[in-house]
**Student:** 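What follows is a single structure, and I will ask about it in a moment.
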Amino acid sequence: MTVATRTLGRSGLTVSAQGLGCMGMSDFYGATAEDDPESVATIHRALDLGITLLDTADMYGFGANEELVGKAIADRRDHVVLATKFGIVRKASDARFRGVSGRPEYVRQACDASLRRLGVDHIDLYYQHRIDPDVAIEETVGAMAELVTEGKVGHLGLSEASPRTIRRAVAVHPIAAVQSEWSLFTRGIEKDVVPTCRELGVGMVAYSPLGRGLLTGTIASPTDLADDDFRRIGQPRFHGANFEHNVTLVEIVKTIASEKGCAPGQIALAWVHAQGEDVVPIPGTRRRRYLEQNVGALDISLTAHELAQLDSLRAAGDRYADMSFVQGDTRERSPEPT
């Protein structure tokens, strides 16, 4: 199959219509180290299929994910649109601790460290992973823009940013993409963020388009997940009555999939694709068979009736136990008056 391409907003950056999220290859979803060879094989298969956009971040596995991706693309760099992120600060002594930094000096340090781990001389798309409420976005994006001038970064992006922050960022330097969680179960960006991006010519990258695996129909109980899987620890959607409600919604997805002769996850991805040609989902997997299944979603069309059925689904429970972690930019500091 030939994977179509998309241009992210008005940036001129062309990527595959669907990317590959690499986080789960190294972190958050249980033990991963023994799967490294399969993860590398999955990245290679993605490139063979025409998927060019690979997404990682410096905090995934405390840098291990960038090293893994770098190893996988070492002889294929020219075929990759490499995206990574900075801004979430973790302590190796306490994997649960997360802080945020958008300080200009930290931006430079983080970029240089990512370049070393990835083994490349430039990053195609560099995101601020979370907005620092204590640093004006103008300062952070200004520092990111310097990386573009120096040739270390090609394009800039933001993750989990509010419309106000996006507007302020674009006033400093063009923003190629805003990455946000977007799926049948996570619809919050549709009211304000999506219209803002479209107005400003910013592309949209949808992470967790499979609802952290729920929409694949393969998780029957939270006990199916490893004890250290963060979905069991920090995601209310996987707890108690919330989970029971959500799996009933998945049955509707499974019914539509059965009628179309495909997998539930393919229906979930087809729904994201139906939101517009300016939307690029980045489903994650460390298995070639699931990668190939996900790519198959590009061949699935949903009828108006099916879309209406899917649009009516409303998941129960927040996507994080502490939602301030993804909504912190609503408290973001404005520039000092001059």
Side-chain angles (χ1 to χ4, degrees), residues 1-11 13-23 42 45-47 49-55 81 83 125 157 159 176-191 193-195 197-198 201-218 249-250 252-285 289-315:
M1 101 178 289
T2 300
V3 176
T5 59
R6 301 279 186 268
T7 299
L8 292 176
R10 293 195 287 264
S11 68
L13 180 61
T14 300
V15 301
S16 50
Q18 188 165 290
L20 175 62
C22 299
M23 180 189 78
T42 298
R45 181 60 177 150
L47 298 176
L49 289 170
I51 291 177
T52 60
L53 179 61
L54 301 182
D55 185 270
V81 178
L125 178 56
S159 181
V178 167
Q179 183 178 137
S180 298
E181 186 169 350
W182 196 3
S183 72
L184 280 170
F185 280 1
T186 300
R187 309 283 299 276
I189 68 169
E190 294 174 15
K191 180 180 178 182
V193 173
V194 171
C197 287
R198 286 176 170 156
V202 176
M204 287 165 286
V205 174
Y207 77 84
S208 295
L210 295 172
R212 306 284 186 180
L214 261 179
L215 288 163
T216 65
T218 59
L249 301 184
V250 174
I252 297 172
V253 180
K254 291 167 73 172
T255 297
I256 295 174
S258 177
E259 293 170 351
K260 298 184 84 69
C262 66
Q266 292 176 313
I267 295 297
L269 286 171
W271 179 88
V272 176
H273 284 293
Q275 303 314 301
E277 291 195 355
D278 52 357
V279 182
V280 178
I282 50 169
T285 181
R289 66 179 184 274
Y290 295 133
L291 166 77
E292 292 168 356
Q293 184 180 95
N294 291 342
V295 172
L298 289 161
D299 291 330
I300 295 172
S301 296
L302 298 171
T303 67
H305 176 65
E306 290 163 344
L307 285 169
Q309 283 182 286
L310 295 169
D311 284 342
S312 70
L313 304 183
R314 291 294 182 270

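For the single chain, residues carry numbers from 1 onward in sequence order. Quick caveat: nothing in here was measured; it's all calculated off a predicted structure.
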**Student:** Hey, are the side chains of W182 and V194 touching, using non-hydrogen atoms and a 4.5 Å cut-off?
**Tutor:** yes
**Student:** For the residue pair T285 and Q293, establish whether any side-chain heavy-atom pair is separated by less than 4.5 Å.
**Tutor:**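 T285 vs Q293: side chains apart.
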**Student:** Would you say the side chain of S159 lies within less than 4.5 Å of the side chain of V178, judging by non-hydrogen atoms?
**Tutor:**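 No, side chains not in contact.
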**Student:** Listed by chain and number, what are the salt bridge (charged side-chain N to carboxylate O under 4.0 Å, His left out) partners of R10, not counting sequence neighbours?
**Tutor:**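 Salt bridge (charged side-chain N to carboxylate O under 4.0 Å, His left out) list for R10, sorted by chain: empty.
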**Student:** Ignoring hydrogens and angles, tell me if any N or O in the side chain of S16 forms a donor-acceptor pair with the backbone of T5 under 3.5 Å.
**Tutor:** no
**Student:** Distance-only, no hydrogens or angles: does the T52 side chain make a donor-acceptor pair with backbone N or O of V15 under 3.5 Å?
**Tutor:** no
**Student:** Got I267 and C262 here, is their nearest side-chain heavy-atom distance under 4.5 Å?
**Tutor:**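 Yes. Closest side-chain heavy atoms under 4.5 Å.
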**Student:** Between A17 and L298, what is the shortest heavy-atom contact and its length?
**Tutor:**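 Looks like CB-CD2, 4.1 Å.
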**Student:** Are any of the side-chain heavy atoms of S180 and M204 separated by less than 4.5 Å?
**Tutor:**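 A side-chain contact is absent here, since even the closest heavy-atom pair is not under 4.5 Å.
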**Student:** Could you tell me which non-hydrogen atom of P209 sits nearest to which non-hydrogen atom of A268, and how far apart they are?
**Tutor:** O-CB, 4.2 Å
**Student:** Can you find a pair of side-chain heavy atoms, one from L269 and one from Q18, that are under 4.5 Å apart?
**Tutor:** yes
**Student:** For a side chain to side chain contact (heavy atoms under 4.5 Å, CB included) check, start with the C-alpha distance between L13 and T7, then their side-chain angles and the critical distance, and finish with the verdict.
**Tutor:** CA-CA 5 Å; L13 180 61; T7 299; 5.8 Å; no
**Student:** Between E292 and R289, is the salt bridge (charged side-chain N to carboxylate O under 4.0 Å, His left out) condition met? List the steps.
**Tutor:** CA-CA 5 Å; E292 292 168 356; R289 66 179 184 274; over 6 Å; no
**Student:** Can you sort out the partners of E181 under salt bridge (charged side-chain N to carboxylate O under 4.0 Å, His left out), two or more places apart, ordered by chain and number?
**Tutor:**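 Counting only residues at least two positions away or on another chain, E181 forms a salt bridge (charged side-chain N to carboxylate O under 4.0 Å, His left out) with R212, R319.
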**Student:** Among pairs that include at least one residue of residues 257-269, which meet salt bridge (Lys or Arg N to Asp or Glu O under 4.0 Å), considering only residues two or more places apart or in two chains?
**Tutor:**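 Those involving residues 257-269 are K260-E306.
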**Student:** Using salt bridge (charged side-chain N to carboxylate O under 4.0 Å, His left out) as the criterion, list what pairs up with E277, not counting sequence neighbours.
**Tutor:** none
**Student:** Does any non-hydrogen side-chain atom of Y207 lie less than 4.5 Å from one of M23?
**Tutor:** no
**Student:** Any luck finding a side-chain donor-acceptor pair between Q266 and D299 under 3.5 Å?
**Tutor:** no
**Student:** According to side-chain contact (heavy atoms from CB on, under 4.5 Å), who are the partners of S183, at least two apart in sequence or on a separate chain?
**Tutor:** F185, T186, L215
**Student:** Got a second to check how far L310's CG is from I256's CD1, nearest 0.5 Å?
**Tutor:**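 If I round to the nearest 0.5 Å, the distance is 4.0 Å.
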**Student:** Supply the atom-to-atom distance L20 CG to L54 CG, rounded to the nearest 0.5 angstrom.
**Tutor:**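 So the CG of L20 and the CG of L54 are separated by 6.0 Å.
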**Student:** Is it true that D278 and R6 make a salt bridge, defined as a side-chain N closer than 4.0 Å to a carboxylate O?
**Tutor:** no
**Student:** For N294 and P283, which heavy atoms make the closest approach, and how far apart are they?
**Tutor:**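 Taking N294 first and P283 second, the nearest heavy atoms are ND2-CB, 3.8 Å.
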**Student:** To the nearest 0.5 Å, how far apart are OG in S11 and CG in L125?
**Tutor:**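 Reported to 0.5 Å precision, the distance equals 8.0 Å.
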**Student:** Got a second to check how far R187's CZ is from D311's CG, nearest 0.5 Å?
**Tutor:**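 CG of D311 is found 5.0 Å from CZ of R187.
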**Student:** State, with a plain yes or no, whether a side-chain heavy atom of L291 is found less than 4.5 Å away from one of I51.
**Tutor:**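 Yes; the side chains approach each other to less than 4.5 Å.
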**Student:** Rounded to the nearest 0.5 Å, what's the gap from CG on L8 to SG on C197? Could you check?
**Tutor:**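 Rounded to the nearest 0.5 Å, the CG-SG separation comes out at 11.0 Å.
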**Student:** Go through the structure and list residues passing side-chain contact (heavy atoms from CB on, under 4.5 Å) with T216, not counting sequence neighbours.
**Tutor:**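 Expected list: L210, T218.
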